Number of protein chains: 2
Amino acid sequence: MDEVFKALADASRRSLLDRLHAKNGQTLNELCDGLAMTRQAVTKHLAILEAANLVTTFRHGREKLHYLNPVPIHQIGERWIKKFERGKLTALSELKKQLEKRDE
Amino acid sequence: MDEVFKALADASRRSLLDRLHAKNGQTLNELCDGLAMTRQAVTKHLAILEAANLVTTFRHGREKLHYLNPVPIHQIGERWIKKFERGKLTALSELKKQLEKRDE
DNA sequence: ATAATAGGCAACCAAATGGTTGCATGTCAA
DNA sequence: TTGACATGCAACCATTTGGTTGCCTATTAT
């Protein structure tokens, strides 16, 4: 879980996921295209995404194809974000109560 | 948005949010309690959470009260995670197709 | 008034991060 | 078979990060 959060913390990596979301199964060079980064930098980002299981790859000849795996993202939504949605109204009303208390 | 992702990338910070979720409106010292970190380290984490608008604070006398703001978390769920949920089945079936292609 | 309490500020440090360059390897096409 | 192409590996670098310690300020309680 921590690896996924860490992987998502970087804007470049999120944009790589975006690109794979737009077009799945791209090669490394395809993913580098138009980015203001060297290929090696992209490789590192992809390795982190792969370690977090957000991207699955396999070789096809001399090319390495990258596939988006949306499962970890979905899990974050289910296991983590949903927890905080429940408390939403309570939290805000408590805050409001406190803010009003300030003027006493 | 980037600030929120970055703020959520650290396990200590997520645990602080958890604590606030369990009990809202805690003071700094309350939040430090039981953590294997100095107060100053916690202060820094809280400052990052505050900058990302995940935590709202105000002073009450000599105490600083911390309140959870679940809105940014909710937005990540809405604006970011939901986008990837749509492509889920497609992505997996495409991957399966490619994996089968390997044996040709 | 004074001591204890709650928090803030700043300097410092080691390790992690995001990036680079240079070179090596494996695969395909002419 | 040889050159071009796709990727991998490793060393190196600057900056950011997560943490520390030491000291200062503000508020409360005795």
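What you see is a predicted model, and the numbers here were worked out from it, not measured in a lab. Per chain, numbering begins at 1; letters A, B, ... match sequence-line order.
- Residue pairs meeting the salt bridge (charged side-chain N to carboxylate O under 4.0 Å, His left out) criterion with at least one partner in residues 71-80 of chain B, sequence neighbours excluded, are B:Glu78-B:Lys82.
- Side-chain nitrogen and oxygen atoms of B:Thr38 include none within less than 4.0 Å of the OP1 or OP2 phosphate oxygen of D:dG19.
- Using a 30° and 60° split on the angle between ring planes, B:Trp80 and B:Phe5 fall in the perpendicular class, above 60°.
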What does the list of N/O pairs under 3.5 Å between the protein and nucleotides 1-6 of chain C look like, with a distance for each?
{"from": "C:dT5", "atom 1": "O2", "to": "B:Arg62", "atom 2": "NH1", "distance (Å)": "2.8"}

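- With hydrogens and angles ignored, no donor-acceptor pair under 3.5 angstrom links the side chain of B:Gln40 to the base of D:dG18.
- Remark: A:Leu31 CG to A:Met37 CE distance equals 10.5 Å, nearest 0.5 Å.
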Q) Checking side chain to side chain contact (heavy atoms under 4.5 Å, CB included) for the pair A:Leu54/A:Leu68: CA distance, chi angles, key distance, verdict? A) CA-CA 6 Å; A:Leu54 284 158; A:Leu68 178 63; 5.6 Å; no
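- Residue A:Asp33 contributes atom CG, which lies 15 Å from atom P of D:dC5 at whole-angstrom precision.
- The minimum heavy-atom distance between A:His60 and A:Leu65, with the atom names listed, is CB-CD1, 3.9 Å.
- Applying the side-chain hydrogen bond (donor to acceptor under 3.5 Å, both in side chains) rule to pairs touching residues 9-20 of chain B yields A:Asp2-B:Arg14, A:Lys83-B:Asp18, B:Asp10-B:Ser12, B:Arg13-B:His45, sequence neighbours excluded.
- Among residue pairs with one or both ends in residues 21-36 of chain B, those qualifying as salt bridge (charged side-chain N to carboxylate O under 4.0 Å, His left out) are B:Lys23-B:Glu30; sequence neighbours excluded.
- Rounding to whole angstrom units, CG of residue B:Leu16 and P of D:dG18 are separated by 12 Å.
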Q.
Please encode protein proximity along nucleotides 12-18 of chain C as a string of B, S and -, counting only heavy-atom distances under 4.0 Å.
A. ------S
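- A salt bridge (charged side-chain N to carboxylate O under 4.0 Å, His left out) check over residues 39-50 of chain B, counting only residues at least two apart or in different chains, returns the pairs B:Glu50-B:Lys64.
- Rounded to whole Å, the distance from CG on A:Leu31 to P on D:dG8 is 12 Å.
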